[in-house]
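Inspection log for the structure reproduced underneath, given as structure tokens.
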Amino acid sequence: MNQPLLEVKQLKKYFPIKKKLFSKEQQYVKAVDGVSFHIDKGETFGLVGESGCGKSTTGRMLMRLMEPTEGQIFFQGQETTHLREDEIRPLRKQFQMVFQDPYASLNPRMKVKDIVGEPLIVHEMAQHKRLERIHELLEIVGLDPYHAERFPHEFSGGQRQRIGIARALAVNPQLIIADEPVSALDVSIQSQILNLLKDLQKKFGLTYLFIAHDLSVVEHISDRVGVMYLGRMVELAGRDALYAEPMHPYTKALISAVPIPDPRVKRERILLKGDIPSPANPPSGCTFHTRCPYATDICKQTAPVFREVKEQHFVACHLVETE
Ligand code: SF4
């Protein structure tokens, strides 16, 4: 079997909460609570779930923008979990991030050539080669070289996201972690950016971790999909298997809300009761039991094991039988 480009084992991120007066025990917000998955070279792995499920925190730990509390991260077989800044620097070229909000993620006082060129300076590209590379990158993402002299406010949302993508591509990364890259954009622009990401993947053999709350967006771009709920992975499968035959009640509910483009086909919407509980005080047993229409007593007492129930289809639910 080929070595995955990225592998994550039992990754956790706990944030300590301010102790209550007279309380001896330290409490934690368990933002990510034991997540494992891998991404093969050249594939797109979609990570989905409602806001607050821990998917963005997972992405930030992979980028080493945040230290994991526990667990391991491997990049091309090399463990990167606790590398020092000087040890991780040469590897940083290999993984880059595209952020959600192209308005907030670009410095409004910097010209596009400085935004796109910044990673080239960090990674010490000679000055005389830089402008040529910046122009090349702008063309790759569908902008014009003369845009290099402009400021971010002179562009539309979609164009700004193209600038963010050009910046991420600057140092020829292998892995791009895209955190809700199209959520802030109009639907018509979303598909342009998704198609651009797909074209770039083909052209440069890129690997993506695509983080989003919108399952229709994830379906459009992913090869495999992981579904997170309250810091844990509850289902993981190939895209077609997950959308055609979701097994976890949470995934079923999320998919039931995805609109079907054919007006003749109707899907029964599964409405979940209540809000997502606080990760500072997660429910006992299966953390989804407070909202699950099928919850039984065992669900309140025992957390289900995340296991392979069908070839390459993993689920954490007491009700799902292994085939
Ligand atoms: Fe629902 Fe129980 Fe399955 Fe959790 S383990 S998803 S509560 S049926």
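What's counted below: heavy atoms across the whole structure, side chains too, no hydrogens, waters or symmetry copies. Counting convention: from 1, in listed order, for ligands and their atoms alike.
Under the 3.5 Å distance criterion, with hydrogens and angles disregarded, a donor-acceptor pair is assigned to the side chains of Glu50 and Tyr250.
For Thr44, the side chain to side chain donor-acceptor pair (under 3.5 Å) test picks out Gln201, with sequence neighbours left out. Taking the side chain to side chain donor-acceptor pair (under 3.5 Å) definition, one finds that Thr290 meets it with nothing, sequence neighbours left out.
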Side chains of residues 150-158: which donor-acceptor pairs under 3.5 Å do they make with residues two or more places apart or in other chains?
| unit_1 | atom_1 | unit_2 | atom_2 | d |
| --- | --- | --- | --- | --- |
| Glu154 | OE2 | Phe151 | N | 2.9 |
| Ser156 | OG | Gln159 | N | 3.3 |
| Ser156 | OG | Gln159 | OE1 | 3.4 |

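Here the protein contributes Cys286 SG as N, O or S atoms under 2.8 Å from atom 4 (Fe) of ligand 1.
Tyr14 and Tyr28 have tilted rings, their planes meeting at an angle from 30° to 60° on a 0 to 90° scale. Taking the six-membered ring where the residue is Trp, Phe75 and Phe95 present perpendicular rings, their angle passing 60° and hence far from 30°.
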